[in-house]
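Atoms within each ligand, like the ligands themselves, are counted from 1 in listed order.
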Amino acid sequence: MDGQNLVLMGPGVCQPGKGKEVFGSQGSTGEGAAVVYRVGLLGLGTVGTGVVEILQRPPHPLLQAVELAAVGVRSLDKPRRVAIPPERLTTDLERIVSDPDIDVVIELMGGLEPARSLILKAIDHGKPVITANKAVIARYGEEIFRAAAQARVAVLLEAAVGGGIPVVQALQQSLQASRIQAVWGIINGTTNFILSQMAQEGSSFAEALAQAQARGYAEADPSADVEGWDAADKIAILASLAFGVSVPREAIPCEGIRSISPTDIRYAREWGYTFKLLAIAQRAGVPGAETALDVRVHPTLLPLTHPLANIHGVDNAVWVQGDPLGQVVLAGPGAGQGPTASAVVGDLLTLLAHLQTGAHLPNPLWGLPASPPVASLLPLAEVQSEFYVRVLAQDRPGVMGAIGTCFGRHGVSLESITQKECHQELAEIVVLTHTVREADCRQALAEIQQLPQVAGIPSLFRVLR
Ligand SMILES: NC(=O)c1ccc[n+]([C@@H]2O[C@H](COP(=O)([O-])OP(=O)(O)OC[C@H]3O[C@@H](n4cnc5c(N)ncnc54)[C@H](OP(=O)(O)O)[C@@H]3O)[C@@H](O)[C@H]2O)c1
């Protein structure tokens, strides 16, 4: 590291977060004095290693002022891809976040605890924090940003959502000049890879998941990805940024992609749609209720012409609609070592540039609001949507009429009702509804399920345009 060649002037030169004045290795005084920022890194796994690699060959001159002073890990014996002087590697992470000589803490350990406590402790010791930890920010963002506001330090989180896509800063800053109406995202690369495989190769969910695992895109226990929990963490953060509210993470309705079959993918394509796991945050349109939001994660049929329909593989994308902005799409690599590390170091650069101007307080546009109103989330039953329904029924005259009648009784108007293939005397009937209240659609389906000719309703998915 460049910082290793520099000699510190001695303790007490700087306030935390402002850097220390140092002299070059020639030992000159006065002229040539530079500022070094001592970084404490918590975690040297996938992303931490990527960060160290970028800092070892700094792509921007400001980053030459960084000294990696301490790196916290769980095991000192693990082989590491990057060389860290042994005296800087430690398992005492508490010491890093309370060390008065550390100016900036970068948290890349993941998990809820001890990550949350260490972030809070770093803030308490007056240190700005950079984190990629969506799980912590989605659940404890309010607590962390309240503490940061009190301590007057910055917390930056670009890498927490969308990997290398600069969506956090965009939502915090430039896009705030518009009244944002909706943020839709493909913000989980694993599920997008699985759905792309299913669409392109005709694979089943299990086959596509095995492919994702073989390529290192999915973990042995893929639940957080395929059940939509990871995307829910991220949309909670994006919704908070976009709408200036606190979004109760546990209240976000969340459905995963396990139930999508190759048959559904094929039928959807025949109608000009593709399946995506969408994370949605939009104004609920409740008159007089500014904080009423419609936030949800679920598999969605999108028209092939939608900008998000052409995001394939592990890529991510976020579509933002605002007034007078119009529509903006940010797309790119949503995870992985390089892109995520790039976002982390981008935050570090932003922070250093800010500190170098002599500013002592964080930029007010950074982070989440410190004490935001809590959003009230629209219950799924009240959501208005179009639906795709696949019904298995006996191949007899009058079945389609009976199904249509049930829908009609609940005010669900239909765009189309089509009989598809027949298997062992059971016909597949696919229904596309117009925009209806979800509760009405579900009530109609409960009735349809009871029809003697109906053997089952394997699929119910929402359609967005
Ligand atoms: N990987 C990605 O593509 C990606 C993308 C976006 C965001 N993120 C986020 O970035 C963060 C880091 O992810 P990652 O993939 O780099 O994780 P990782 O590979 O599992 O690395 C975690 C690192 O933290 C250390 N660590 C974990 N718990 C610890 C504890 N209790 N005490 C001390 N050290 C501990 C580990 O130490 P040892 O090395 O000694 O085990 C390891 O170095 C997570 O919040 C993740 O959600 C990751």
Side-chain angles (χ1 to χ4, degrees), residues 40-54 68 70-82 84 86 88-97 105-119 121-122 129-141 144 155-168 185-193 212 215-225 229-238 249 313-316 318 332-348:
L41 180 62
L42 310 181
L44 188 60
T46 305
V47 185
T49 301
V51 165
V52 174
E53 282 177 341
I54 296 178
L68 192 59
V71 179
V73 292
R74 200 169 5 212
S75 158
L76 294 177
D77 305 325
K78 221 183 214 181
R80 305 284 170 186
R81 210 173 72 193
V82 286
I84 304 287
R88 298 188 186 200
L89 205 61
T90 177
T91 54
D92 190 353
L93 280 66
E94 294 272 339
R95 219 187 69 207
I96 297 179
V97 296
V105 167
I106 302 181
E107 184 276 308
L108 298 175
M109 54 197 299
L112 294 181
E113 286 293 353
R116 167 187 157 271
S117 303
L118 289 166
I119 290 172
K121 196 160 187 175
V129 173
I130 294 167
T131 180
N133 197 327
K134 62 230 156 196
V136 161
I137 296 296
R139 286 164 187 77
Y140 304 109
I144 286 169
V155 175
L156 297 178
L157 60 140
E158 185 64 69
V161 185
I165 308 171
V167 61
V168 168
I186 295 172
I187 44 181
N188 180 271
T190 308
T191 45
N192 204 47
F193 173 83
R215 296 196 194 191
Y217 298 149
E219 300 190 12
D221 175 1
S223 307
D225 292 320
W229 306 332
D230 172 80
D233 284 354
K234 292 169 180 171
I235 198 66
I237 296 172
L238 294 185
R249 163 65 183 87
V314 289
D315 274 0
N316 280 196
V318 178
Q337 185 171 62
T340 312
S342 169
V344 171
V345 178
D347 273 350
L348 184 59

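Those atoms of ligand 1 that come under 4.0 Å of a heavy atom in R80, given as number and element, are 38 (P), 39 (O), 40 (O), 43 (O). For ligand 1 and P114, the ligand atoms under 4.0 Å from any heavy atom of the residue are 31 (N). For ligand 1, the atoms lying closer than 4.0 Å to a non-hydrogen atom of A159 are 6 (C), 7 (C). In summary, the atoms of ligand 1 found under 4.0 Å from a heavy atom of M109, numbered by their order in the structure, are 22 (C), 24 (O), 26 (N), 27 (C), 28 (N), 29 (C), 30 (C), 31 (N), 32 (N), 35 (C). Those atoms of ligand 1 with a heavy atom of K134 less than 4.0 angstrom away are 7 (C), 47 (O). Taking a cut-off of under 4.0 Å to the non-hydrogen atoms of G43, the atoms of ligand 1 that pass are 23 (C), 24 (O), 25 (C), 43 (O). Against a heavy-atom cut-off of under 4.0 Å, L108 is close to the following atoms of ligand 1: 12 (C), 22 (C), 23 (C), 24 (O). Close contacts of ligand 1 with G110, meaning ligand atoms under 4.0 Å from a residue heavy atom, involve 44 (C), 45 (O).
Summary of contacts: the protein heavy atom closest to atom 37 (O) of ligand 1 is R74 N, 3.2 Å. With respect to atom 15 (O) of ligand 1, the closest heavy atom belonging to the protein is T46 CB, 3.6 Å. Nearest protein neighbour of atom 3 (O) of ligand 1, counting heavy atoms only, is G336 N, 2.8 Å. Atom 21 (O) of ligand 1 has as its closest protein heavy atom G45 CA, 3.2 Å. Residue, atom and distance of the protein heavy atom nearest to atom 38 (P) of ligand 1 are K78 NZ, 3.4 Å. Among all protein heavy atoms, the one lying closest to atom 10 (O) of ligand 1 is A132 CB, 3.5 Å.
Side-chain atoms of T190 come within 3.5 Å of backbone N or O of Y217 as a donor-acceptor pair. Judged by distance alone, the side chain of N133 and the main-chain N or O of G111 form a donor-acceptor pair under 3.5 Å. Looking only at distances, no side-chain donor or acceptor of E158 sits under 3.5 Å from a matching main-chain atom of V344. A distance-only check finds a donor-acceptor pair linking the side chain of K234 to the backbone of I187 [under 3.5 Å]. For R80 (side chain) and L44 (main-chain N/O), a donor-acceptor pair under 3.5 Å exists by modelled atom type. Between the side chain of N192 and the main chain of V314, no donor-acceptor pair closer than 3.5 Å is present. With hydrogens and angles disregarded, a donor-acceptor distance shorter than 3.5 Å links the side chain of Q337 to the backbone of T46. With R88 contributing its side chain and L68 its backbone, the two residues share a donor-acceptor pair below 3.5 Å.
Under the side-chain contact (heavy atoms from CB on, under 4.5 Å) test applied with V71, the options L89, V51, T90 reduce to a single match, L89.
Heavy-atom distances between G163 and ligand 1 stay at or above 4.0 Å for every pair.
At a heavy-atom distance under 4.0 Å, only side-chain atoms of T340, from C-beta outward, approach ligand 1.
S223 and D221 share a donor-acceptor pair across their side chains, judged by distance under 3.5 Å alone.
For atom 28 (N) of ligand 1, the nearest protein heavy atom is under 4.0 Å away.
By the 3.5 Å distance cut-off applied to N or O atoms, L93 is not counted among the residues near ligand 1. For ligand 1, the polar-atom distance check against V47 finds a nitrogen or oxygen pair separated by under 3.5 Å. At least one N or O atom of S75 sits closer than 3.5 Å to an N or O atom of ligand 1. Polar contact check, L44 against ligand 1: a nitrogen or oxygen pair lies under 3.5 Å apart.
The distance from the CZ atom of R81 to the CD atom of E53 is 4.0 Å, given to the nearest 0.5 Å.
Counting non-hydrogen atoms of neighbouring residues, nucleotides and ligands closer than 6.0 angstrom, the CZ atom of R95 reaches no more than 12 such neighbours.
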